[in-house]
Peer 1: 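Sharing a structure, written as structure tokens. Questions coming.
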Amino acid sequence: MGYIGRFAPSPTGALHAGSLVAALASWLDARAHGGRWLVRIEDIDPPRCTPGAGDFILTQLAACALQPDAPPLWQSQRGALYSQALAQLQAASWAYPCACTRKDIEAAWAAQGLAHQRHIERPYPGTCRQGLHGRSARAWRFRTVEYEQKVAPALTRQAQAAPFFIAEKTLHWHDRRLGAQQQCLAQSVGDFVLQRADGLWAYQLAVVVDDAAQGVTHIVRGADLADNTPRQLLLQHALGAPHPQYLHSPLVLTADGEKLSKQHGAPALDLSDPLAALQQAAQALGLPAAAAAGMKLTDALAYWVAAWGNYLQSAA
Ligand code: GLU
């Protein structure tokens with residue numbers, strides 16, 4: 001099967017210097033593999049989306065000569081597919097209803113002595129795993145902990161071609177840039193949400209369904225999403241979907257070490273000089289400077305496509 005890559009921004013705002021790095025990395029990887037590059041606008045969370053941001057992102061990409069090979073998909077139009085996937089998981093009992101409010105979950109954590117710590121995720125305490133006990137269902141969760149236990153014996157280090165394996169309750173996978181990765185899902189996230197109490201689809205389900213539906217073979221995205229990968233690998237497995245390869249690109253950090261993001265006041269890309277913006281993104285990826293004054297965008301991009309193979313070797 002040929003290479004299919006994608007860039008999947010959430011339209012919570014315009015592209016900024018950090019998101020352009022992820023866009024450029026996924027485009028370069030697709031071009032360097034002679035593959036196809038798709039764009040998917042992940043507008044499944046209307047309260048977090050900015051009106052017009054999806055179209056504006058497409059304009060920004062076009063201004064940077066990063067053109068998708070097919071018309072972009074919009075996740076807001078794909079609810080029927082997510083419903084089908086949830087139904088498949090429900091039928092196999094890998095999805096269960098959950099009645100917990102945020103407050104219920106906080107109370108259960110407090111009872112378990114799990115205090116809030118910055119940057120530490122706490123797993124869903126499992127309250128509804130064995131049933132709702134007369135409460136009404138709000139959300140749907142994936143039976144992460146039991147799924148891992150069930151499939152662990154079949155997914156072992158010995159299976160050479162395995163895209164991931166589970167050993168000592170820890171899921172191991174390979175990232176093309178970061179190398180060997182691992183996460184204990186039961187301890188960090190537990191049974192995660194597939195459909196939220198407000199009826200909206202969770203990112204984890206939508207991303208897995210769409211990557212499979214679009215035949216994505218290689219996922220290249222920002223390193224802030226690396227710790228979502230184990231959840232997605234398990235969901236792919238449970239849905240019988242193929243496992244793409246993963247590469248998580250470097251993040252652009254602010255002066256105080258936070259990820260550059262809209263919340264941290266990252267300005268939208270300056271479209272008056274797309275080459276300068278790309279130059280900066282390429283530098284963040286550790287690629288050599290391409291631009292001679294007046295160089296055409298497409299020539300600079302071709303130069304970086306050629307440099308990308310070396311970049312991967314030095315990152316490996
Ligand atoms: N929509 C997600 C985001 O912008 C990225 C999804 C992905 O690349 O898997 O954070």
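In each ligand, atom 1 is the first atom listed, and ligand 1 is the first ligand listed.
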Peer 1: What pair of heavy atoms forms the shortest contact from F165 to L155, and how long is it?
Peer 2: CB-O, 3.3 Å

Peer 1: Specify the protein heavy atom at minimum distance from atom 3 (C) of ligand 1: its residue, its atom name, and the distance to 0.1 Å.
Peer 2: S10 OG, 3.4 Å

Peer 1: Taking atom 6 (C) of ligand 1 as the point of reference, which of Q75, H248, E42 owns the nearest heavy atom?
Peer 2: E42

Peer 1: Select the closest option to atom 2 (C) of ligand 1 among A22, A8, A206, judged by heavy-atom distance.
Peer 2: A8

Peer 1: Between R141 and Y124, is NZ or CZ placed under 6.0 angstrom from the six-membered ring centre and within 45° of the ring axis?
Peer 2: yes

Peer 1: Over 60° means perpendicular and under 30° means parallel, so classify the ring planes of F142 and Y147, tilted if in between.
Peer 2: tilted

Peer 1: At less than 4.0 angstrom from any non-hydrogen atom of R6, what atoms of ligand 1 do you find?
Peer 2: 7 (C), 8 (O), 9 (O)

Peer 1: What residue and heavy atom of the protein are closest to atom 10 (O) of ligand 1, and at what distance?
Peer 2: L225 CD1, 3.9 Å

Peer 1: If you compare all heavy atoms of A226 against all heavy atoms of L178, which two are closest, and at what distance to 0.1 Å?
Peer 2: CB-CD1, 4.5 Å

Peer 1: Pick one of side chain, backbone, both or neither for how Y203 approaches ligand 1, counting any non-hydrogen atom pair under 4.0 Å.
Peer 2: side chain

Peer 1: Which ligand 1 atoms, with their elements, are less than 4.0 angstrom from a heavy-atom of V207?
Peer 2: 9 (O)

Peer 1: If I compare all heavy atoms of D43 with all of C49, which pair ends up nearest, and what's the gap?
Peer 2: CA-SG, 3.8 Å

Peer 1: Can you tell if the side chain of R40 reaches within under 4.5 Å of the side chain of V207, non-hydrogen atoms only?
Peer 2: yes

Peer 1: I'd like to check which ligand 1 atoms, numbered from 1 as shown, lie under 4.0 Å from a non-hydrogen atom of R221.
Peer 2: 7 (C), 8 (O), 9 (O)

Peer 1: On a heavy-atom basis, which atom in A32 and which in W308 lie closest, and how many Å separate them?
Peer 2: CB-CD1, 3.7 Å

Peer 1: Relative to ligand 1, is N228 under 4.0 angstrom through side chain, backbone, both or neither, heavy atoms considered?
Peer 2: neither

